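Shown next, in structure tokens, is the structure this report addresses.
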Amino acid sequence: MATSSIPATLAVQIRDSEKDFVVESVTYEVEGKSFEGLLVRAAGVTGLRPGLVMVPNWLGLNRDAAENAAQVAGERYVVLVADVYGKETRPANTEEAQELTEQLRAGDRSLLRKRAQGAVDFLRTRAAELTINTEQLGAVGFCFGGCTILELARSGSDLKGFVSFHGSLDTPQPADAQNIKAPVLVLHGADDPIVPQAQVDAFITEMKATKADWQFVTYGGAVHSFTSPQANVPGFAEYHPVAAERAYKAMDDFFTEVFGR
């Protein structure tokens, strides 16, 4: 397992301008186990803002996750990057990450749901200090994080909205979709080899069996990890800047709508 050095301030390119973001390491507990997340927010921005819990891809908390959180945050949101592995567990490579995610995806996924909810609960505890509007809380996830966010929605978590970026869609408990309390937005690459059409069809069938408010947006020519500049496996996991920009805009439009209700 690896450790990562994440600076307290990041300069990140956001929509054609470089902005500084404050990154704060935070520790919280879920059922007696310690987890370490990252609070990411634009420097110098004042006033009440919505809060988002973000679950990163399967590599967990590292500099890439912090920069991704800054992309999500912009000047609009405060983002808590959630830890679902535990404070002492940081995968050093994709093989370790796959082993960890397989453990959490096995069975009924109740542990994965609890750990995601633990991050939500922690963000609520810091809301006043961070000038977060507790009436405007949502969740986003990328790849494995997208799977996690959908499980959080299926658990009945009391948030305003859930967004999955190129996440897997399968679940061993599709009937739990009846518990979804808030709108769901799925942003998907049309050519994603990790999420085959059969999985897409099953997810749509799952959603149609509920009264949930859901959207499924497909981006032509995009594969897995299309929002990640580090993704560079052609035809498998590859950055698609046009689809990425459209997906982030779709996320912003979605939260503008659901937070305004």
Side-chain angles (χ1 to χ4, degrees), residues 12-17 19 40 42 49-57 64-65 67-82 116 133 136-154 157 159-169 177 180-192 194-195 197 199-201 203-204 206-208 210 212-231 237-261:
V12 178
Q13 195 77 17
I14 302 289
R15 289 183 172 83
D16 301 322
S17 65
K19 300 184 185 298
V40 180
R49 284 171 286 174
L52 301 178
V53 167
M54 178 191 125
V55 183
N57 66 28
D64 291 343
E67 292 181 346
N68 191 11
Q71 290 284 349
V72 171
E75 294 186 343
R76 302 182 63 173
Y77 315 104
V78 175
V79 174
L80 170 62
V81 185
N133 185 344
Q136 297 181 339
L137 297 180
V140 302
F142 294 79
C143 300
F144 166 67
C147 163
T148 304
I149 293 306
L150 292 176
E151 290 296 345
L152 183 64
R154 294 178 181 112
S157 184
L159 295 173
K160 288 290 189 178
F162 304 88
V163 180
S164 168
F165 289 82
H166 39 78
S168 59
L169 308 171
I180 294 174
K181 295 179 179 178
V184 172
L185 172 63
V186 173
L187 305 167
H188 175 69
D191 299 323
D192 188 338
I194 295 177
V195 184
Q197 188 60 43
Q199 193 176 127
V200 173
D201 293 342
F203 177 78
I204 291 174
E206 175 190 352
M207 291 297 105
K208 284 183 174 181
T210 75
D213 178 350
W214 63 280
Q215 301 175 61
F216 193 97
V217 181
T218 303
Y219 297 100
V223 292
H224 201 65
S225 301
F226 64 82
T227 64
S228 174
Q230 293 77 35
E238 188 174 3
Y239 181 50
H240 193 304
V242 174
E245 180 67 19
R246 290 172 177 170
Y248 281 121
K249 184 178 185 302
M251 179 200 72
D252 283 338
D253 291 345
F254 172 79
F255 282 125
T256 295
E257 177 188 343
V258 300
F259 288 155
R261 294 180 179 178

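What you see is a predicted model; the values in this text were computed from it and never measured. In this chain, numbering begins with 1 at the start of the sequence shown.
The CZ atom of Phe216 sits 5.5 Å away from atom CD1 of Ile204, with the distance rounded to the nearest 0.5 Å. We find the CG-OG distance between Leu185 and Ser164 to be 8.5 Å, quoted to the nearest 0.5 Å. Interatomic distance, Gln197 CD to Gln199 CD, rounded to the nearest 0.5 Å: 10.5 Å. For the atom pair Leu52 CG and Phe259 CZ, the distance stands at 5.5 Å (nearest 0.5 Å). Interatomic distance, OG of Ser157 versus CD of Glu151, reported as 12.5 Å (0.5 Å rounding). The structure places OG of Ser168 at 11.0 Å from NE2 of His188, a figure rounded to the nearest 0.5 Å.
Closest heavy-atom contact between Glu75 and Arg49: O-CD, 3.9 Å. In plain terms, the two heavy atoms of Thr218 and Ala190 that are nearest each other are CG2-CB, 3.3 Å. The two residues Cys143 and Ser225 come nearest to each other via the heavy atoms SG-OG, 3.4 Å. Considering every non-hydrogen atom in both Val258 and Pro183, the closest pair reads CG1-CG, 3.7 Å. Nearest heavy-atom pair, Ala65 versus Pro56, reported as atom, atom and distance to 0.1 Å: CB-CB, 3.9 Å. When all heavy atoms of Glu67 and Gln230 are compared, the pair lying nearest together is OE1-NE2, 4.5 Å.
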For this session: Quick one: do Val195 and Phe203 satisfy side chain to side chain contact (heavy atoms under 4.5 Å, CB included)? Show the steps, please.
Result: CA-CA 11 Å; Val195 184; Phe203 177 78; over 6 Å; no
For this session: Apply side chain to side chain contact (heavy atoms under 4.5 Å, CB included) to Val40 and Met54, showing your working.
Result: CA-CA 10 Å; Val40 180; Met54 178 191 125; over 6 Å; no
Problem set entry | Derivation and outcome, side chain to side chain donor-acceptor pair (under 3.5 Å), residues Tyr219 and Asp192 | CA-CA 10 Å; Tyr219 297 100; Asp192 188 338; over 6 Å; no
For this session: Report the C-alpha separation of Val186 and Leu150 in whole Å, then their side-chain angles, then the decisive distance to 0.1 Å, and conclude whether the side chain to side chain contact (heavy atoms under 4.5 Å, CB included) test is met.
Result: CA-CA 9 Å; Val186 173; Leu150 292 176; 4.2 Å; yes
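Between Thr210 and Ile180, the closest side-chain pair of non-hydrogen atoms is not below 4.5 Å. Side chains of Ile149 and Val163 form no contact here, defined as non-hydrogen atoms less than 4.5 Å apart. A heavy-atom distance below 4.5 Å is found between the side chains of Leu152 and Leu159.
Heavy-atom neighbours of Arg246 CZ from other residues, nucleotides or ligands within 6.0 Å: at or below the threshold of 12.
Not counting sequence neighbours, the partners of Asp213 by the salt bridge (charged side-chain N to carboxylate O under 4.0 Å, His left out) test are Arg261.
Below 30°, between 30° and 60°, or above 60°: for His224 and His166 the angle between ring planes is above 60°, a perpendicular geometry.
Evaluated for a side chain to side chain contact (heavy atoms under 4.5 Å, CB included) with Val140, the options Phe254, Tyr77, Phe255, Phe162 yield exactly one hit, Phe255.
Aromatic pair Phe165/Tyr248: centroids less than 6.0 angstrom apart.
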